[in-house]
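FYI, the numbering just counts along the sequence from 1. Counting starts at 1 for both ligands and their atoms, in listed order. Only a predicted model underlies this, so the values are computations on that prediction, with no experimental measurement involved.
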Amino acid sequence: MNAGIDSFMEGLKARTPGETEFHQAVLEVVESVWDVYDANPRYKQAKILERMVEPERTIMFRVPWSNDKGEVEINRGYRVEFNSALGPYKGGLRFHRSVTLSILKFLGFEQTFKNSLTTLPMGGGKGGSDFSAKGRSDNEIMRFCQSFMTELFRHIGPNTDVPAGDIGVGGREIGYLFGQYKRIRNEFTGVLTGKGLGWGGSLIRPEATGYGAVYFVQHMLREMGQEVKGKVFSVSGFGNVAWGAISKINELGGKVVTVSGPDGYIYDPDGITGAKVDYLLELRESNNDIVAPYAEEFGVQFFPDAKPWDAKVDIALPCATQNELDEEDARKLMENGCMLVAEVSNMGCTSGAVNYFVNNKFIFAPGKAVNAGGVAVSGLEMSQNSMRYNWTSEEVDKRLHLIMQDIHNTCTKHGKSGDYINYVKGANVGGFVKVAEAMLAQGLV
Ligand code: 2IT
């Protein structure tokens with residue numbers, strides 16, 4: 001390791017004790033951009049990196065609500081407004097019991113570079129709560145969302161901060177949140193993205209993260225003289241992102257043999273197609289957060305408490321959550337002949353796994369490039385809301401395609417050395433430079 005990076009990280013850790021996920025996300029970026037930073041006295045003098053790791057504003061608040069039994073429950077709400085150099089803060093809300101400030105800071109930090117890569121005018125932010133929908137009724141979810149927005153509304157706005165969904169926040173939650181915002185402000189604006197199609201949402205937004213990821217994988221494969229057709233994929237998770245990716249892989253003639261949940265993974269050698277893909281949506285809507293019922297429904301194998309990285313595949317797509325694929329999994333995948341891993345979840349791979357891939361010159365791309373299609377179509381939803389007009393799905397899909405191609409070009413431009421493309425370096429440097437230049441131009445703010 002490099003002494004400059006060491007001392008930078010020591011300083012960060014002293015100021016943010018215990019925020020391990022945040023430290024992990026920062027270290028990955030700092031290692032990638034250090035040469036660029038070192039070689040650029042303008043950045044160093046303005047302490048650009050030191051400023052970037054400090055959120056512009058962090059809001060934490062109480063969310064009191066009452067459950068169906070009439071009991072009072074209290075959750076914690078957050079919004080981390082990380083960086084507004086390129087546009088209004090933009091990024092999802094995560095509702096999950098595992099949510100902490102460290103998790104939202106890592107996500108908001110990543111989001112800043114991801115949004116920069118999309119080429120659209122969006123800053124970075126993230127928020128959420130330790131509330132979990134598991135076992136909750138629809139009415140409880142609505143009351144929670146209303147209470148959450150009753151505080152959040154004063155901090156956001158279509159030109160200030162535009163939240164969206166993430167884990168645990170889908171169309172239903174966005175509806176309740178939007179309704180409460182509109183009621184308090186008496187304004188119908190594009191303050192949230194991921195809205196319903198009839199009331200300001202964009203076509204292709206639900207599919208965008210998964211579709212965009214597969215478009216990105218297409219470009220990666222093209223570099224290797226390969227295509228999606230005929231390839232076998234493992235996918236983790238079974239939510240909206242996995243669903244979108246699986247739909248697009250099927251359309252392009254690939255085959256997906258796994259999905260997973262916190263309870264284990266299912267292996268379906270015939271491929272997850274047709275009604276089985278729709279069944280994933282049903283599973284998600286049941287609020288149980290388990291994937292085992294798929295195995296019973298379609299008579300396939302279920303591996304309890306295991307991860308899908310044991311399966312022999314050509315391509316692996318982590319689509320669930322952070323740190324779901326570690327160094328041991330990375331080694332197993334490579335030993336089993338896997339040719340490519342693309343992170344669709346945010347920071348889906350541990351640092352050990354990422355280093356293992358890059359050190360072995362294995363083709364690996366990080367979440368902030370691969371999954372940027374989701375927030376990109378959120379950006380297109382903002383554009384449509386501003387115009388008070390809706391594009392067709394062909395129009396949105398075409399723009400999504402172009403954006404993913406652009407991100408791939410940026411990764412190649414900054415990450416190619418010899419015949420290896422280091423997508424981690426490419427994405428981090430590409431995302432960083434644009435934010436750094438904007439911060440410099442805007443002075444000491
Ligand atoms: O991680 C992500 O990029 C998202 N959850 C989507 C954020 C957004 O604003 O659409």
Side-chain angles (χ1 to χ4, degrees), residues 21 25 78-84 86-96 99 103-129 152 156-158 160-171 173-174 177-178 190-196 200-213 216 237 239-245 318-322 324 342-348 365-385 396 399-400 403-404 407 427 431:
E21 294 86 1
Y78 306 81
R79 187 72 183 165
V80 184
E81 297 182 330
F82 227 107
N83 194 303
S84 63
L86 300 183
Y89 308 106
K90 181 86 196 83
L93 296 170
R94 177 177 293 190
F95 291 170
H96 193 265
V99 163
I103 299 263
L104 296 178
K105 281 179 71 177
F106 113 64
L107 288 163
F109 183 73
E110 291 273 293
Q111 196 82 45
T112 303
F113 302 102
K114 181 198 308 194
N115 294 1
S116 161
L117 286 168
T118 65
T119 71
L120 301 175
M122 300 183 289
K126 204 86 188 189
S129 175
L152 186 68
I156 63 176
T160 311
D161 183 353
V162 183
D166 192 81
I167 293 171
V169 179
E173 289 76 16
I174 292 293
L177 291 164
F178 183 79
V191 67
L192 292 161
T193 61
K195 298 184 291 300
S202 175
L203 286 159
I204 308 286
R205 178 63 190 89
E207 295 86 350
T209 312
Y211 278 21
F216 194 88
N240 160 265
V241 173
W243 164 80
C319 293
T321 193
Q322 67 274 353
E324 53 170 318
E343 232 178 29
V344 192
S345 42
N346 289 308
M347 207 166 78
K368 61 171 79 71
V370 178
N371 74 29
V375 73
V377 174
S378 274
L380 300 178
E381 183 171 328
M382 290 167 72
S383 307
Q384 294 170 83
N385 291 165
V396 178
R399 289 175 193 268
L400 171 61
I403 290 169
M404 298 316 295
I407 298 174

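- The distance criterion of under 3.5 Å between nitrogen or oxygen atoms is not met by Asn371 with respect to ligand 1.
- If you check which protein heavy atom lies closest to atom 10 (O) of ligand 1, you get Ser378 OG, 2.5 Å.
- When the heavy atoms of Lys90, Lys126, Lys368, Arg205 are ranked by distance to atom 6 (C) of ligand 1, first place goes to Arg205.
- Shortest contact from atom 7 (C) of ligand 1 to any protein heavy atom: Gly92 N, 3.5 Å.
- Near Asn346, the atoms of ligand 1 lying under 4.0 angstrom from a non-hydrogen atom of the residue are 1 (O).
- Under a 4.0 Å criterion applied to the non-hydrogen atoms of Lys114, ligand 1 contributes the atoms 1 (O), 2 (C), 3 (O).
- With hydrogens and angles ignored, the 3.5 Å screen pairs no side-chain donor or acceptor of Arg94 with any backbone N or O of Gly127.
- Closest heavy-atom contact between Ala376 and Leu120: O-CD1, 3.3 Å.
- The two residues Phe216 and Ala369 make their nearest non-hydrogen contact at CZ-CB, 4.0 Å.
- Checked against a 3.5 angstrom limit, the closest N/O atoms of Gly165 and ligand 1 fall inside it.
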*Would you check, one step at a time, whether the test side chain to side chain contact (heavy atoms under 4.5 Å, CB included) holds for Asn385 with Lys195?*
CA-CA 11 Å; Asn385 291 165; Lys195 298 184 291 300; 2.7 Å; yes
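- The side-chain contact (heavy atoms from CB on, under 4.5 Å) test with Leu177 is passed by exactly one of Ile156, Leu192, Val191, Leu152: Leu192.
- When side chains are defined from C-beta on, Met404 counts as touching Ile407, because their heavy atoms get closer than 4.5 Å.
- Counting atoms of ligand 1 from 1 in the listed order, those under 4.0 Å from a heavy atom of Ala164 are 8 (C), 9 (O), 10 (O).
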